[in-house]
A.B. asks: 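Got a structure for you, questions after.
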Amino acid sequence: MNCTRRIGLRYYSTASPSTSHFNQRITSLKNASGPTKVDDALQLFDEMLQRQPPPNIIQLNQLITLIVKMKQYSTALSLYKQTKLMGIPTDLYAMNISINCHCRLDQVAYGFALLATILKQGHQPDLATYNTLINGLVLADRVFEAVELFKKLLREKVCEPDQITFGIVINGLCKVGHTSKALELLRFMESGSCKCKPYVEQYNAVIDSLCKDKMVDHALELFANMTQKGVIASVFTYNSLIQGLCNFGRETEAAQMLRDMEEEGVSPGVHTFTILVDSFCKKGSVKDAELAVQAMVRRGLHPDVITYSALIDGYCLRGEVDDAEKVIDRMMERDIVPDIITYSRLIDGYCKKKRIHKAWRLFQEIQDKGLIPDVVTYGSMLQGLFESGNPAAARELFNKMQVNGQVPDICTYRILFHGMCKNYQCSDALALFRSLGNKESMEDVRLYNILIDGCSKCGNPSLAMDLFDELLLKGLKPDVRTYNAMMRVYCEEGLLGKCKELLRKMEESGCLPDSFTYNIIVRELLKKNECGEAEIFLEEMINRDFMPDHATFENLLVRIPNVGKDSRLRTTVLKLTSVERKDV
DNA sequence: CTAGGGTTAG
């Protein structure tokens, strides 16, 4: 009897049984995982709201935080709406969580509206409020404004920024490529001018950005700096550096980095190895990539769909598409389901090997499995169809992809126009190009290069010249391929003067001639029997480590009997032939 | 007791 009474009393005190009961359920939900987690949380919320007296805002915040962690931002906001309707008083925590939700939903403006509400109600926003808003601006790609707000906090001494504030701003600056500004801020933290020292995460952001900015050595320097200061590198630090090194063909150093990290007691992850696998594959050494896969398996790590997908790409790149196909079987054995990217690469591999039927069959098969081909898959398939001389089927597929909701991108158009031109449909290609209107997305030098080259190859040099003028008129900057294509056009038209003029223009505009450029000009000069000038260009090209191609060489050999015994041209040719022999 | 950030691979 006494017992019941005591419980009865406790029911109305702060630590009522229902309070602790809910606390328990919130705690167990925190540790739970699974598909019903959101629903369970919502159910608990309903139960709590039905309880009399109503639950306190702290418990509700705890529960809603769980929902936020599951990225259900609009749900979280609607729950706060309900608590408000129930007349439960809100607090600053609840406001901050709401601001965060709005920011995550791409509604920074609502976030600032809530800030106004806080101020209007005579409350004081705290650092968490400002951090959330600054981060909201970063999420909305409004990094400049984020930095301004950050500066305002400093300037007007609204509140003192902490490590999180600095972290947000550093990340934001890195995100938009202002790495040096981020580095400045990092140095500021290091200098002790503020009370918060940088942690490994802040270093990581800057190190990663430096690597992306192709400043790997700077990144390595900062890494050494950081370690010296006693900040322990994480797996992210190493991954960024390994990626950076790999991007610059420094695989040996990357592999050394892997050994270093293990020595330092940092375990590489699937990610780490996949970076190496991918890099070896891109370099053409699938053997090393396979070794890397073995190394990761030895460490108990399981290659994932990205790892295998990199391998497939590696085999395809070498034209070993049958080996690529075997990788799919290896994936299946391990219950890893190949995704559309994986299949796209294999399809591309078949297309490049001209095994168009195999590619087409796979393309159909994956759709039967329910996979949706993306713009890349269609691109490969289109290219394959064009290459196999079936432009009609390609055009049909181009229409079909749009019916299926895939929007062609600039790559698709490059493939399409290139394919059409190669199949002697350059006027159709041009008509289609015109029908697309003056979309900004169509202002692409590479697209113009394809069309210029296509028109000239289809025997329509005047169209090519018109396109070149048009490109200049649009303010597009011709690249080496544009110049080469136009120089070929002029040569074919017998306009050697125009050709040489263009070569000058190209150098003036800072566009370096490549092997093709020299071959075009040397071959044409030889054809025109202008051996002296040909000689000058020939020497220049050899000095720049370019070799004459087959056609140029033939023209050279033809001229040899006509030039004097000790002419420079003869010496050059002799030098060339001896080099050639050495190479063989 | 509850709120704010956090990166890497195809």
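Letters A, B, ... are given to chains in the order of the sequence lines, protein chains preceding strands, and every chain is numbered from 1.
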A.B. asks: Quick one: list whatever passes side-chain contact (heavy atoms from CB on, under 4.5 Å) with A:Gln82, sequence neighbours left out.
C.D. replies: A:Phe45, A:Asp46, A:Leu49, A:Leu79

A.B. asks: Report the distance from atom CZ of A:Phe236 to atom C1' of B:dG5, rounded to the nearest whole Å.
C.D. replies: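 It works out to 13 Å between those atoms.
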
A.B. asks: Between atom CG in A:Leu77 and atom P in B:dA3, what is the gap in whole Å?
C.D. replies: 16 Å

A.B. asks: A:Glu201 side chain: which of B:dG5, B:dA9, B:dG6 is closest?
C.D. replies: B:dG6

A.B. asks: Just how far, in rounded Å, is P of B:dT2 from CD of A:Gln62?
C.D. replies: 6 Å

A.B. asks: Is there side-chain contact between A:Phe273 and A:Val293, with heavy atoms separated by less than 4.5 Å?
C.D. replies: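 No, too far: nothing below the 4.5 Å cut-off.
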
A.B. asks: So what does A:Ile97 touch, heavy atoms closer than 4.0 Å: a base, only the sugar-phosphate, or nothing?
C.D. replies: sugar-phosphate

A.B. asks: Whole Å only: how far is the CZ atom of A:Phe150 from the C1' atom of B:dG5?
C.D. replies: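 To the nearest whole Å, that distance equals 13 Å.
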
A.B. asks: Regarding A:Asp313 and A:Lys282, does a basic nitrogen lie under 4.0 Å from an acidic carboxylate oxygen?
C.D. replies: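 Salt bridge absent between A:Asp313 and A:Lys282.
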
A.B. asks: For the side chain of A:Arg104, counting heavy atoms from C-beta on, which of B:dA3, B:dG5, B:dT8 is nearest?
C.D. replies: B:dG5

A.B. asks: Contact class for A:Thr65 (heavy atom, under 4.0 Å): base, sugar-phosphate, or nothing?
C.D. replies: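 Sugar-phosphate: the residue A:Thr65, judged by heavy atoms under 4.0 Å, touches backbone atoms but no base.
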
A.B. asks: Any base atoms under 4.0 Å from A:Ile58, or only sugar-phosphate, or nothing? Heavy atoms, all strands.
C.D. replies: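 Base, at least one base atom sits under 4.0 Å.
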
A.B. asks: Rounding to an integer number of Å, can you tell me how far A:Leu186 CG sits from B:dT7 P?
C.D. replies: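 My rounded result for the distance is 17 Å.
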
A.B. asks: Expressed as a whole number of angstroms, how long is the span from A:Gln243:CD to B:dT8:P?
C.D. replies: 10 Å

A.B. asks: When you get a sec, tell me which of B:dA3, B:dA9, B:dT8 is the closest nucleotide to the side chain of A:Ile306?
C.D. replies: B:dA9

A.B. asks: Just the rounded figure in Å: distance from C1' of B:dT8 to CE of A:Met261.
C.D. replies: 11 Å

A.B. asks: What contact category does A:Thr132 fall into here, base, sugar-phosphate, or nothing, at under 4.0 angstrom with non-hydrogen atoms?
C.D. replies: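 The residue A:Thr132 makes sugar-phosphate contact but no base contact.
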
A.B. asks: Under 4.0 angstrom, heavy atoms only, what part of the nucleic acid is A:Asn204 near: base, sugar-phosphate, or nothing?
C.D. replies: base

A.B. asks: A:Asp213: which residues meet the side-chain contact (heavy atoms from CB on, under 4.5 Å) condition with it, sequence neighbours left out?
C.D. replies: A:Thr179, A:Met215

A.B. asks: Using a strict threshold of under 4.0 Å (side-chain N to carboxylate O), is an ion pair present between A:Glu333 and A:Arg330?
C.D. replies: no

A.B. asks: Check A:Lys151 with A:Glu148, please: is the shortest side-chain N to carboxylate O separation under 4.0 Å?
C.D. replies: yes

A.B. asks: Would you call the rings of A:Phe398 and A:Tyr413 parallel, tilted or perpendicular, taking 30° and 60° as the class edges?
C.D. replies: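 The arrangement is perpendicular - the two ring planes meet at more than 60°.
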
A.B. asks: Among B:dA3, B:dT8, B:dA9, find the nucleotide with the atom closest to the side chain of A:Asp304.
C.D. replies: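 Of the candidates, B:dA9 comes closest.
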
A.B. asks: How would you label the contact of A:Ile242 with the nucleic acid (heavy atoms, under 4.0 Å): base, sugar-phosphate, or nothing?
C.D. replies: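 Touches nothing.
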
A.B. asks: Kindly say if A:Asn135 contacts the phosphate of B:dG5, meaning a side-chain N or O under 4.0 Å from OP1 or OP2.
C.D. replies: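 So the side-chain polar atoms of A:Asn135 do come within 4.0 Å of the phosphate oxygens OP1 or OP2 of B:dG5, strictly under.
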
A.B. asks: Under 4.0 Å from any atom of DNA chain B, heavy atoms only: list the residues of residues 166-178 of chain A that qualify, in numerical order.
C.D. replies: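 Result for residues 166-178 of chain A: A:Gly167, A:Ile168, A:Asn171, sorted by number.
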
A.B. asks: Report yes if the ring of A:Tyr93 lies under 5.5 Å from the six-membered base ring of B:dT2 with planes under 30°, and no otherwise.
C.D. replies: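 Per 5.5 Å and 30° rule: yes, stacked.
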
A.B. asks: Looking across every strand, which nucleic acid part, if any, lies under 4.0 Å from A:Thr342 by heavy atom: base, sugar-phosphate, or nothing?
C.D. replies: base

A.B. asks: Using 4.0 Å as the upper bound for N to carboxylate O, is an ion pair formed by A:Lys283 and A:Asp278?
C.D. replies: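 No, this pair does not count.
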
A.B. asks: In this structure, how many angstroms lie between the P atom of B:dA9 and the CZ atom of A:Phe273, rounded?
C.D. replies: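 The distance from CZ of A:Phe273 to P of B:dA9 comes to 17 Å, rounded to the nearest Å.
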
